[in-house]
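The block underneath contains the structure these notes are about, expressed in C-alpha cells.
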Amino acid sequence: MGTLLRRTHLCGDLDEENLNQKVTVTGWVRKYRDHGGVIFVDLGDKSGVIQLVFNPQLHKEVHSRARSLREGWVIAVKGRVTLRPSGTVNPKLKTGKIELMVEKMEILNVSRVLPFPIENEIQVSEEVRLKYRYLDLRREKMQKNLLLRYQVIKLIRDFLDKKGFIEIETPFLARSTPEGARDYLVPSRLNPGEFYALTQSPQLFKQMLMVAGFDRYFQIVRCFRDEDLRADRQPEHTQLDMELSFVEEEDIYNLIEEMFTFIFEKIQGITLQTPFPRIKYEEAMERYGSDKPDLRFDLELKNITHIQGLERFKVFQNVIKKGGQIKGIKVPEGVSLSRKDLEELTQRVTSLGAKGLCWIFVQKEIKSPLNKILSEETIKGIIKEMGAREGDVLFIVGDKKEIVAKALGNLRLYLATKFNLITSGYKLLWIIDFPLFEYDTEGNLIPSHHPFTSPKDEDIPLLKESPEKVKARAYDLVLNGEEIGGGSIRIHHRGIQEKVLNILGIDSLEAREKFGFLLEALSFGAPPHGGIAFGLDRLVMLLSGEESIREVIAFPKTQKGTCLLTDAPSKVTEEQLEELHLKVKE
RNA sequence: GGGGCCGUAGUUCAGUCGGUUAGAAUGCCUGACUGUCGAUCAGGAGGUCGCGAGUUCGAGUCUCGUCGGCCCCGCCA
C-alpha cells in the first residue's frame, strides 16, 4: 500500500515564509483537542510540532475523519499554511505564529494508548521508559541527546582526519588476556572448548598498528567489560581510541587540547583555556582526595596531622602512631547543618571505611565533640590552620591515608552539591605522574593503568628494587570530576616489556604464551608510540548535562545488565548449546 | 559479594495502630462544546496492592523468602 500524500516539509521547519503555500507534512499526533466544531491537532516529527486545524465548514469530510484521531497515530496531511488569528499565537512553539488548515488527510497507522506522553518532562520510572524505549526515544530530549552524540562523533572524525589520522577497525572477537576486567566470553563452534573474548579495548591491536607503521590511528569503538554497572558504567561502552607513533606526552596533550577546544567551540560555543591544568596524581589525592577531582569548586582537603595536641584524642593518637593522616575540610557558612545532617554525613564516611567523623562549628561558642577531649589551644590551632571564620564548619577524619582521601573526597563532592557550590561550566585537567604499579587487596603488585605503560626513563633503575616508587608515563583527562579519558606512552622495547611483565608475576614462559605476539612485534622495530582513549558516553553525558550515560545511549542495559526492551540475556536451546560444545551447570 | 531507597489503576503517587466496598491526580472511554494549545464541562470504566509462604478471626499494612528497578561500596588493566 503506497502513501498517497508525499511529504514536502518537516513539521518544525514550517514558518511564515511558507504562508499560503500548500504543503504536506507527516508525523505523530502529539495532542488532540476537539472543540465540537474545530479540531486542533499538534502534529510532531523529529523537527518539532505544527498545529493542524480541521474546520468542518471548510472541509467537512476530512474533519469528520479527524474526530477518530488519537495521540500516537501516524498521519500525513496536506493543507494551506496560514497565520493564526490574532490573540491565538503560541509563543512556546517555534511554529506558534502559523498553523496548517488541513484539506486532505491519510491515516498511515493507528496506535494503542501510549504508556506515557511524548513530552520532555515526564514523570515515569526508568523501568517503563526502557521497556518502551522506542517511545522514550521519540521524545524531543532524547532525540536531542542522540543528535548531540552524533555531532560530537562527527566533529572528532573531522578533526582527526585533518590531523592525518585514519580510522581502522580491529576485531571484537579476540583472545582473552589475563589482566583486567572480566571478559565476555564467546564460545567457538569450530574450536570445541575454546573461547574468544569480546575486546575490553583495542589496546594491543592498536599497538600492532603502530608497529605496522600507520603512525596515527583512531577508532570509535565498542568496548566490553563484564563488571557491575553504575550510572556512568555500562557493560558495552563506546570509546574514542587513538594511538600515535614518534610522540611524547607533550604531543598528546597538545593534540587533545586542540581537539577538545574544537569540540567545545562547535558544540557549546565556548573557548576553552589551554593548556589545561596538570595536577600530579599525588597532589590530587592530597588536595581533593580523588584522582578525578572536580575543580568547579574549592573545598580543598587540609592536612592537620602535625598540629600539637591532637594526640590527646586516642583515635588520633593511634592514627599518628601508625603513620596515618588527619585531615579536614572547611565548609563556608556551614553552621546551618542540623543534627540529622551530621548523622547522615557520619554514615557516609563510615560506609566508606572511616571509623568516624569529627566536626567543629566555628562560632562564638564552639560546638564540637572534640571540645571535651582536646585543649582549647589545639582546637584554635585547627581553626587557624584551616583558615576558618565564624560561621564555617570543619569536618575532620583521621585514618589510613587512603581512607581519609576516600572519605573526605566523597564528603567534598556531597557538601558541594548540598551547599550549591558547583559553578556551571567545564573544568578540564590532566592528572599526570601516576604510579606505574599499585597493590591490590591481597597485596599483589598490579598495573595502575595497564602492563604496556612505559615507566618514566629515570625510574627504570627502580623497577627491580622498589617498583612501587616507579612513575608511569600515563595521563588521565578529567572533566568536571569525571574521568573521561586516559592513556600512556607505551613500552616499545621488548626487554623492558618483559621486565614489567616479570615484576607483575608473569614469568617469561607465561608472558610468551599470553603476550608472545606483542613481545615478538616489539622485537621487529616497534617505533616509540603512545595514545589515549576516551569514554564517549561520559563525554556526551557531560555535554548534554545528563547524570547517567543511559540518557545518551539509545538502548542501554539495566543495572543487572539486562535489556528491558528485548529481554536479553535469555536462555538458548539445547541444540545451540550442543553445537557450541557447552553444557549449562544448574 | 555487601549497604541503602523503591515496587498499590495505563502513569505518578497517597493509604493512619492490622479492621467495612483500596483512594487522588493524570491518562483512557462516552457525550457536549467553533480558536484551543496542561482546552473546558458532564458522566463512566479501570486493581493478581510485584510474586510465594507465614503470623492473625482478619494482611496493601507485620515476618520470612523471592523477583524486578535505581543509587552506592567492592569490582571496573
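Side chains are part of it too, since the values below use all heavy atoms of this structure and drop only hydrogens, waters and symmetry mates. In what follows, every chain begins at residue 1, and chains take the letters A, B, ... in the order their sequences are listed.
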Does [X] [atom1] have over 12 foreign heavy atoms under 6.0 Å away?
X: A:Lys471; atom1: NZ; result: yes
X: A:Gln347; atom1: CD; result: no
X: A:Arg33; atom1: CZ; result: yes

Both distances below 3.5 Å, Watson-Crick or wobble geometry, any strand: find the nucleotide opposite [N].
N: B:C37; answer: none
N: B:G43; answer: B:C29
N: B:U56; answer: none
N: B:G7; answer: B:C67

Which listed nucleotide ([options]) is nearest to the side chain of [X]?
X: A:Arg182; options: B:C75, B:A32, B:G69; answer: B:C75
X: A:Arg70; options: B:C72, B:U30, B:A39; answer: B:U30
X: A:Arg233; options: B:C75, B:G35, B:C70; answer: B:C75
X: A:Lys406; options: B:C73, B:G27, B:C70; answer: B:C73
X: A:Thr562; options: B:C70, B:G69, B:C76; answer: B:G69
X: A:Leu352; options: B:G35, B:C37, B:C73; answer: B:C73
X: A:Arg225; options: B:C76, B:G69, B:C37; answer: B:C76

Can you give me the N/O atom pairs linking the protein to nucleotides 1-6 of chain B at distances under 3.5 Å, or say none if there are none?
unit_1, atom_1, unit_2, atom_2, d
B:G1, O6, A:Asp228, OD2, 3.3

Apply the test side-chain hydrogen bond (donor to acceptor under 3.5 Å, both in side chains) to residues A:Glu236 and A:Tyr184: give CA-CA distance (whole Å), side-chain angles for both, the deciding distance (0.1 Å), then the verdict. CA-CA 10 Å; A:Glu236 45 180 322; A:Tyr184 277 103; over 6 Å; no
Within this structure, what is the [atom1]-to-[atom2] distance between [X] and [N], rounded to whole angstrom?
X: A:Glu126; N: B:U12; atom1: CD; atom2: C1'; result: 16 Å
X: A:Arg230; N: B:C71; atom1: CZ; atom2: P; result: 9 Å
X: A:Asp34; N: B:C28; atom1: CG; atom2: C1'; result: 16 Å

Does any N or O donor sit under 3.5 Å from an N or O acceptor when you compare the side chain of A:Arg84 with the base of B:C37?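 For A:Arg84, whose side chain was compared with the base of B:C37, there is a donor-acceptor pair (under 3.5 Å).
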Please evaluate the base of B:U36 for a donor-acceptor partner in the side chain of A:Gln51 within a cut-off of under 3.5 Å?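 It does, because a donor-acceptor pair links the side chain of A:Gln51 to the base of B:U36 below 3.5 Å.
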Exactly one of A:Arg30, A:Arg139, A:Lys141, A:Lys31 should register a salt bridge (charged side-chain N to carboxylate O under 4.0 Å, His left out) with A:Glu119. Which one does?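 Output: one option passes, namely A:Lys31.
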Considering every strand and a 4.0 Å limit on heavy-atom distances, what is the contact class for A:Phe40: base, sugar-phosphate, or nothing?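 Result for A:Phe40 = base.
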Just call it for A:Arg550: base, sugar-phosphate, or nothing, with non-hydrogen atoms closer than 4.0 Å on any strand.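 Sugar-phosphate contact only.
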Whether A:His35 stacks on the six-membered ring of B:G35 base, 5.5 Å and 30° limits: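 The ring of A:His35 is not stacked on B:G35.
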Pairs where residues 54-74 of chain A contributes a residue and the test ring-ring contact (aromatic ring centres under 6.0 Å, His included) is met, not counting sequence neighbours: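 Output for this query is empty, none listed.
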Are OP1 or OP2 of B:U34 and a side-chain N or O of A:Gln57 less than 4.0 angstrom apart?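 It does not, given that no N or O in the side chain of A:Gln57 lies less than 4.0 Å from OP1 or OP2 of B:U34.
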